[in-house]
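The structure appears below as structure tokens.
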Amino acid sequence: MTVKSERRTIGDRTLRPSTLMMGLGYDPALSEGSLKPPIFLTSTFTFPSAAAGKRFFEGITGKRPGGAEGLVYSRFGGPDQEILEDRLAVWDEAEDALVFSSGMAAITTLLLASCGTGDVIVHSGPLYAATEGFIARNLARLGISYVDFPAGADRAAIDAALARGAALAKAQGGRLALIFLESPANPTNALVDIEAVAAARAALAPETPIAIDNTFLGPLWQHPLRHGADILVYSLTKYAGGHSDLVAGGLSGARHRLDPVRMLRNTIGTICDPHTAWMLLRSLETVELRMTRAGANAAKVCAFLKDHPKVERLGYLGMIEDAQQADIFRRHCHGAGSTFSLFVRGGEAESFRFLDALKIAKLAVSLGGTETLASHPAAMTHLSVPDARKAQLGITDNLVRISIGIEDADDLIADFEQALAAV
Ligand SMILES: *Cc1c(COP(=O)(O)O)cnc(C)c1O
């Protein structure tokens with residue numbers, strides 16, 4: 001491991017993440033005084049001595065927990081990735097973090113490291129489609145089963161799902177290996193009651209860790225570790241990367257939770273590359289600025305859209321009507337985010353006319369970038385989902401998904417106004 005700039009306090013003041021992003025984990029003196037970390041393009045690292053090489057390998061092979069004492073080989077890690085992991089952990093108030101070549105690389109490495117034949121995963125639904133598919137199809141081939149419950153479920157329904165999962169695991173000779181949540185869920189924005197899941201876990205499955213995909217509100221607007229979750233999952237492609245120019249993933253949590261995942265990542269090489277790690281270091285310097293601006297923009301745009309005659313309704317966390325969902329939002333979230341659902345009056349034809357008329361917002365899937373994006377889940381991201389499941393999830397033909405960026409809010413409102421006029 002590189003020698004690090006570890007200053008996290010001044011006197012008795014703990015420095016905030018947005019300050020720590022400018023230096024934590026990097027010592028310019030080790031790189032010719034370069035203010036910014038270089039991109040370390042190397043496949044392997046030289047050992048100062050044979051004994052040191054042995055010690056470093058003890059970390060890689062798990063003989064010593066918490067990763068290697070020194071760098072060994074770029075499939076295991078490098079300076080850019082280590083600095084990034086230190087800084088990602090800061091945002092989440094986590095002990096440690098791991099970065100991956102995509103959000104799905106993070107998710108699949110976590111799931112494969114957590115489960116074996118006979119085991120059961122209990123998960124909230126819906127999940128990101130690729131996550132749901134990996135659990136239902138790829139893990140099923142390894143003899144791993146799942147039980148799911150709807151994102152808005154109350155304590156009784158969560159208890160029932162955990163009890164079913166535990167019974168199934170017992171019957172299969174396995175364990176209730178993992179509780180996997182996603183909140184808010186895509187594209188419904190339904191929130192999971194993390195505190196209720198943590199209470200249910202404590203009562204029924206105290207050994208089972210809780211992981212949560214925090215891509216939509218993290219790392220700024222939701223801190224699930226405070227509410228009883230153990231592992232946070234990110235597509236860093238979205239708000240953390242924030243410029244729609246990279247694909248990456250992350251996990252954060254306690255070191256003992258992440259160590260088995262690190263070991264599997266070492267074996268299969270799902271770590272992100274040094275260049276992407278460097279891009280993310282730059283992104284994390286502005287993540288608070290970008291998310292704050294995008295969130296403020298979304299609030300203004302939604303205030304305009306709310307009463308527009310061509311808008312049937314909005315699925316925006318800043319305007320929750322359901323009392324139970326509003327209660328979860330108050331307990332868990334510090335902001336409403338900038339990704340929401342717009343239900344156009346009409347069906348697919350009206351939605352397509354609206355999308356095709358947009359002049360500033362780009363027609364693309366994904367979210368969390370500097371630019372505003374719009375898409376049609378039923379015809380795009382969820383095209384292959386069976387109609388009955390779509391209906392159950394509320395994915396209708398008039399649903400347009402919008403991710404608001406950091407443009408001028410009034411320009412965005414002008415764009416939505418003229419596009420709705422074209423419907
Ligand atoms: C995009 C996304 C993923 C997958 O991330 P990739 O970086 O595309 O692999 C997982 N979960 C959620 C909630 C996402 O939005």
Side-chain angles (χ1 to χ4, degrees), residues 81 84 88 92 97-112 121 123-136 138-139 148 151 178 180-192 194 211-222 224 229 231-252 261 265 268-273 275-277 279-280 283-284 287 291 294 315 317 332-333 337-341 364-369 373-375 377 380-382 384-385 393 395 399 401-405:
Q81 294 94 326
L84 175 60
L88 181 62
D92 288 322
L98 296 173
V99 290
F100 294 83
S101 56
S102 70
M104 285 313 302
I107 291 166
T108 54
T109 308
L110 168 67
L111 292 172
L112 288 168
I121 296 168
H123 74 77
S124 63
L127 300 176
Y128 185 72
T131 309
E132 210 164 277
F134 185 77
I135 293 172
N138 302 80
L139 291 185
D148 63 349
L178 186 68
F180 191 96
L181 313 175
E182 184 175 315
S183 182
N186 181 24
T188 57
N189 267 359
L191 295 169
V192 177
I194 305 162
I212 177 167
D213 188 328
N214 200 36
T215 297
F216 277 83
L217 291 181
L220 214 61
W221 295 313
Q222 183 169 256
I231 300 166
L232 305 187
V233 178
Y234 287 103
S235 169
L236 299 174
T237 312
K238 314 296 167 55
Y239 287 98
H243 297 71
S244 308
D245 57 6
L246 61 85
V247 172
L251 300 176
S252 39
V261 192
R265 188 188 67 171
I268 63 180
T270 43
I271 191 167
C272 90
D273 67 275
H275 184 264
T276 301
M279 300 271 282
L280 280 161
S283 291
L284 288 185
V287 68
M291 290 183 80
L317 289 175
H332 291 10
C333 308
S338 80
T339 302
F340 61 90
S341 299
V365 300
S366 197
L367 59 115
L373 300 182
S375 66
M380 298 170 189
T381 46
H382 293 69
S384 61
V385 175
L393 297 178
I395 302 171
L399 163 57
R401 192 76 171 143
I402 294 172
S403 166
I404 295 288

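Whatever order the structure lists ligands and atoms in, that order sets their numbers, starting from 1.
Taking every heavy atom of both residues into account, Met291 and Leu220 meet most closely at CB-CD2, 3.5 Å. The minimum heavy-atom distance between Arg401 and Ser341, with the atom names listed, is NH1-OG, 3.1 Å. Closest approach of Thr276 and Val247 over heavy atoms only: CG2-O, 3.8 Å.
Close approach to Ser102 involves these atoms of ligand 1, each under 4.0 Å from a residue heavy atom: 7 (O), 9 (O). In summary, the atoms of ligand 1 found under 4.0 Å from a heavy atom of Ala248, numbered by their order in the structure, are 7 (O). Atoms of ligand 1 lying under 4.0 Å from at least one heavy atom of Phe216, given by number and element, are 13 (C), 15 (O). Set against the non-hydrogen atoms of Glu182, the atoms of ligand 1 under 4.0 Å away are 13 (C).
Under the 4.5 Å side-chain criterion, counting only non-hydrogen atoms from C-beta, Phe216 is not in contact with Gln222. Within the 4.5 Å cutoff, side-chain heavy atoms of Phe100 are placed close to those of Val261.
At under 3.5 Å, a nitrogen or oxygen of Met104, whether backbone or side chain, sits near a nitrogen or oxygen of ligand 1.
When hydrogens are left out, the protein atom nearest atom 11 (N) of ligand 1 is Asp213 OD2, 2.7 Å; that is the closest non-hydrogen contact. Here the protein heavy atom with the shortest distance to atom 8 (O) of ligand 1 is Tyr128 OH, 3.9 Å. Residue, atom and distance of the protein heavy atom nearest to atom 14 (C) of ligand 1 are Lys238 NZ, 3.0 Å. Closest protein heavy atom to atom 7 (O) of ligand 1: Thr237 OG1, 2.6 Å. For atom 6 (P) of ligand 1, the nearest protein heavy atom (residue, atom name, distance) is Gly103 N, 3.4 Å.
Counted by atom type alone, Tyr234 and Ser252 present zero donor-acceptor pairs between their side chains at under 3.5 Å.
Of the candidates Thr237, Thr131, Thr270, Met104 forms a side chain to side chain contact (heavy atoms under 4.5 Å, CB included) with just one, namely Thr131.
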